[in-house]
Novice: 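Just passing along the structure, written as structure tokens.
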Amino acid sequence: MTTGTVTEEFKELDSVVVRFSGDSGDGMQLTGTQFTNASAIAGNDISTFPDFPAEIRAPAGTLAGVSGFQVNLSSHEIFTPGDSTDVLVAMNPAALAANLPDLKDDCILIVNEDAFSRANLKKAGFAENPLEDGSLERFRVFSIGLTNLNRLALEDIEGLTQKEIDRTKNFFALGLICWMYDRPAEPTLEWINKKFGKSPQLVEANTRALKAGLHFGETTETFQLRFRIKAAKLKDGIYRKITGNEALAMGLVTAGKLADKPIFYGSYPITPASDILHNLAALRHFGVRTFQAEDEIAAMGATVGAAFGGAFAVTASSGPGVALKSEALNLGLALELPMVLIDVQRGGPSTGLPTKTEQSDLLMALFGRNGEAPLPVLAACSPGDCFNTAIEAFRFAVRASCPVMLLSDGYLGNSSEPWQIPDPSKMEPIKVEHPTQVEGEEFLPYARDPETGGRPWAIPGTKGLEHRVGGLGKAPLTGNVSYRPEHHQQMIQDRQAKIDKLTDIIPDQTVRGPESGDLLVMGWGSTYGAIRAAVSRCQAEGYSVASTQLRYICPLPKNLEELMGRYKKVLIPEMNCGQLAFYLRGKLGVEVESLQQVTGRPFKIETIQEAIRELIGKGA
Amino acid sequence: MTSATQNGTAKLTRKDFASDQDVRWCPGCGDYAILAQMQKMLPELDLPKENIVFVSGIGCSSRFPYYMNTYGIHSIHGRAPTLASGLKLANPDLKVFVITGDGDALSIGGNHLMHVLRRNIDVTVVLFNNRIYGLTKGQFSPTSLTGHVTKSSPLGSIEQPLNPLSVALAAEATFVARSIDVETKHLQETLLAAAQHKGASFVEVLQNCNIFNDGAWHHVTKKENKHNLLFLEAGKALRFGEENEKQLKVEGLGLSVVEGSEKDELIFDPTEPSGALAYALSRMTFPEFPVPVGIFRQVKKPTYEQGMESQVQQAQKKKGQGELLDLYLSSDIWKVGGDGKVPEDREALKKEICG
Ligand code: SF4
């Protein structure tokens with residue numbers, strides 16, 4: 001085993017992937033977040049990937065209970081949290097076991113040896129102690145008695161239980177890593193003061209644990225290696241870190257402001273979408289009305305009701321919830337009212353993998369309703385992009401007077417990246433018109449705007465425009481109940497036509513790379529980062545390959561078919577069993593290659609790179 | 001003739017509330033009477049027509065909004081309370097009615113009914129109880145009596161019926177009442193009181209479906225059976241019978257019927273906070289007991305919308321009207337470019353972002 005053999009003071013690194021891993025009670029999400037914040041403030045580009053179990057507290061020490069937080073820090077622009085790990089902090093044997101397959105060969109491994117008891121080893125499935133049997137030889141292992149060192153550091157603080165003391169050991173680990181990567185302690189110290197301000201003992205305990213970790217790195221001989229990652233050259237500006245769910249919440253509020261409309265958010269708690277509710281619930285001063293409904297159905301029903309009332313109404317859920325919403329969503333579609341439904345997708349079917357990511361709701365979003373029920377489907381491609389997509393979803397909804405489906409996923413929802421703070425005054429307002437009574441003219445609630453195909457959004461409280469809407473078949477113009485064959489045909493065509501007319505405002509699809517060539521790699525949603533990175537690496541290797549990410553899935557950009565035709569092949573990587581590929585084959589009659597992954601985890605860059613090499617190799 | 005209202009506009013009449021659509025219930029259906037009383041009652045509310053919305057689910061009763069010349073939504077089965085909730089939160093100034101039936105409200109929509117009442121959202125729920133599924137042509141409903149023979153229960157229903165008023169009371173509704181389609185005056189007054197109540201009000205209307213369940217309420221609607229009705233009135237004794245000779249008395253944990261003198265009278269008060277007597281009254285079943293109609297419960301509690309609006313106001317008072325830039329900046333921030341230092345001063349920072 002090689003320990004502490006590096007002698008340089010600071011080694012410059014381009015980028016590093018650090019993963020904190022422990023029991024779900026060990027505070028690994030917090031540790032990772034603090035380290036990320038410190039790195040973001042130090043100017044690195046960052047991309048994070050929290051990976052936690054669905055159980056709140058799975059039995060301690062078991063594989064099922066392992067909670068991890070991976071962050072990629074870089075001195076250049078990065079698009080994913082990284083394929084494999086350079087540094088692993090493992091708080092117990094289970095954390096080590098769970099992460100072994102993802103570790104690079106010379107990975108720095110910091111393990112809490114105090115947790116490597118016989119019982120814990122057994123729970124993690126180790127027959128022998130890997131710290132002693134030589135099985136970790138290809139790594140740089142630092143075996144440290146974190147628990148005991150931390151107890152010593154905190155021993156004279158009065159009024160703390162052993163449990164409270166041990167709960168701070170994650171900050172010891174954080175301190176150590178901050179020392180190794182020359183990260184400032186201040187942001188974390190500030191956070192500690194804010195969080196535990198009411199309890200001086202806890203402030204003292206956590207501060208001391210953090211500092212003990214820093215000092216341990218500094219004073220012991222164990223670590224002679226320290227690293228620096230230069231600040232990344234991001235565009236000039238003021239930045240913050242943002243997760244997809246935060247970005248959605250801020251985007252929705254922004255959309256409301258841009259239209260001068262209050263946001264109504266009806267929702268039922270569900271992983272991984274609940275954070276949107278939490279974020280919005282704190283924004284009453286923005287006029288945001290959050291309504292925690294009795295179930296998913298009610299959340300959708302209330303959203304339809306609020307839309308009828310004239311609010312910017314939105315609901316969000318994940319697959320199982322979206323399935324329940326289908327009926328009331330379809331009512332919203334038949335009433336032709338603007339509203340937004342966000343699906344933060346997770347692994348399915350049924351309850352599936354609540355905390356893991358997947359893109360398997362695409363076909364449900366497109367087709368999961370009874371009858372002919374088209375609606376626009378948009379997909380956000382990065383945490384920051386969730387912000388723009390939320391605003392655009394409302395633009396579409398108002399224009400086409402219909403519900404819009406916005407697809408995100410668990411990975412986008414929880415991952416974070418730097419986000420340049422935009423200037424709200426430069427954003428284009430969303431124009432909303434509510435009709436008023438025209439003397440001597442009959443109000444026709446289903447009269448269509450010739451340009452958009454949308455219908456007037458007449459809201460209760462408007463004198464003279466009293467009208468009834470409903471889920472039954474309707475006559476054009478009046479919207480009165482009608483079962484006449486020609487009326488039904490007409491209404492279905494009209495509802496399709498206004499969706500199709502959205503292509504008038506959808507920009508042409510563009511590519512990154514050559515305008516034509518051997519291969520186009522096309523993705524949608526959160527595969528963006530991995531695809532972009534894989535394609536640019538392959539371009540550097542000399543392959544004729546371009547990448548593109550679809551934001552508008554329904555309707556598709558006008559030029560898409562022509563664009564796809566410029567490449568010999570089109571590859572579609574998806575975290576599902578080929579749903580976009582299936583859709584495009586049917587819609588455009590084109591042939592595409594499908595790269596499918598349903599592991600509950602995002603694509604690795606390497607996986608897509610391999611697929612590109614293989615396809616072009618075969619074709620060439 | 002039109003009379004002036006408080007705000008000086010011409011008072012609306014029943015006709016103003018009738019839409020141009022043909023009413024399509026079966027001839028003789030009790031729904032006609034309810035529609036008529038609603039249209040007669042609404043002018044009494046002295047509200048502009050455009051501020052009134054009828055929301056319904058699915059079923060015979062749920063066609064109601066189409067016949068009202070107000071705003072309206074004919075929604076989906078059982079979900080009307082959810083739409084009404086969202087609507088009220090979007091615009092608390094509206095007067096919102098939910099029109100529903102025994103199947104719509106108590107079967108497929110049971111959950112939503114319970115929660116709209118529990119939250120005390122200011123909507124008036126009118127449940128037409130005909131103890132049958134009419135629109136789907138005659139299956140037993142959650143209020144059908146055990147043993148009821150229908151197409152879907154040819155050997156008799158083996159289910160226990162729900163009592164809509166007990167459900168509403170248990171769900172913490174702040175206004176609970178019952179009336180009957182044919183008791184037109186009583187119905188109109190009850191609807192008016194419900195509509196004027198601030199908070200969730202619930203009215204069960206015993207309604208005859210003359211096609212699939214004719215006579216379900218004959219024990220109280222036939223002229224010769226009126227003595228089976230007990231009219232609840234605030235501050236009055238709980239008396240009924242042909243000569244008003246019978247009255248209710250508390251016995252053990254429930255009620256019993258006695259023919260007693262005035263000094264033992266049990267005086268009814270719908271504002272009594274516990275609602276215990278109201279609940280006991282709702283549990284009474286015919287023929288052991290009379291059928292009580294009128295207002296069972298009428299208490300004041302803050303509405304959900306009031307709570308929401310006051311939270312919005314409080315938050316704005318405390319934090320000011322939300323500014324987008326503050327929202328974006330509500331996290332650790334850093335600067336790329338220039339001297340790399342985030343300006344401490346808010347204005348300088350704003351300039352940095354907005355130029
Ligand atoms: S089926 Fe019954 S409830 Fe329905 S309209 Fe006919 S009579 Fe009325």
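This structure is a prediction, so every number in the text was calculated from the model and none was measured. In the text below, chain A, chain B and the rest are named by the order of the sequence lines, each starting its count at 1.
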Novice: Identify which part of B/S330 has an atom lying under 4.5 Å from any heavy atom of chain A, answering side chain, backbone, both or neither.
Specialist: both
Novice: Restricting to non-hydrogen atoms, name the atom on A/P460 and the atom on B/V53 that form the minimum distance, rounded to 0.1 Å.
Specialist: CB-CG2, 3.8 Å
Novice: Look at B/H77, B/K318, B/E352, B/H112 and state which one has the largest set of heavy-atom pairs under 4.5 Å with chain A.
Specialist: B/H112
Novice: Examine B/Y328 together with A/F387 and report whether their ring centres are nearer than 6.0 Å.
Specialist: yes
Novice: Given a strict heavy-atom distance threshold of 4.5 Å, which part of B/E323 is in contact with chain A: side chain, backbone, both, or neither?
Specialist: backbone
Novice: Can you tell me which portion of B/M68 sits under 4.5 Å from chain A's heavy atoms? Options are side chain, backbone, both or neither.
Specialist: backbone
Novice: Under 4.5 Å heavy-atom distance to chain A, tell me which part of B/R63 shows up: side chain, backbone, both or neither.
Specialist: side chain
Novice: Is A/I459 in contact with chain B via its backbone, its side chain, both, or neither, using a 4.5 Å heavy-atom distance?
Specialist: backbone
Novice: Mind checking the CD-CD1 spacing from A/E327 to B/I76? Nearest 0.5 Å is all I need.
Specialist: 3.5 Å
Novice: Examine whether an atom of B/V312 lies under 4.5 Å from a heavy atom of chain A, and if so say whether it belongs to the side chain, the backbone or both; otherwise answer neither.
Specialist: both
Novice: Can you say whether B/Y304 sits under 4.5 Å from chain A via the side chain, the backbone, both, or neither, judging by heavy atoms?
Specialist: side chain
Novice: Under 4.5 Å heavy-atom distance to chain B, tell me which part of A/K463 shows up: side chain, backbone, both or neither.
Specialist: both
Novice: Looking at chain A, which one of B/N91, B/T70, B/I52, B/D93 has the largest number of heavy-atom pairs inside 4.5 Å, strictly under?
Specialist: B/T70
Novice: Does any heavy atom of chain A fall under 4.5 Å from the side chain of B/L94, the backbone, both, or neither of them?
Specialist: side chain
Novice: Give, as side chain, backbone, both or neither, the part of B/Q311 having an atom under 4.5 angstrom from any heavy atom of chain A.
Specialist: both
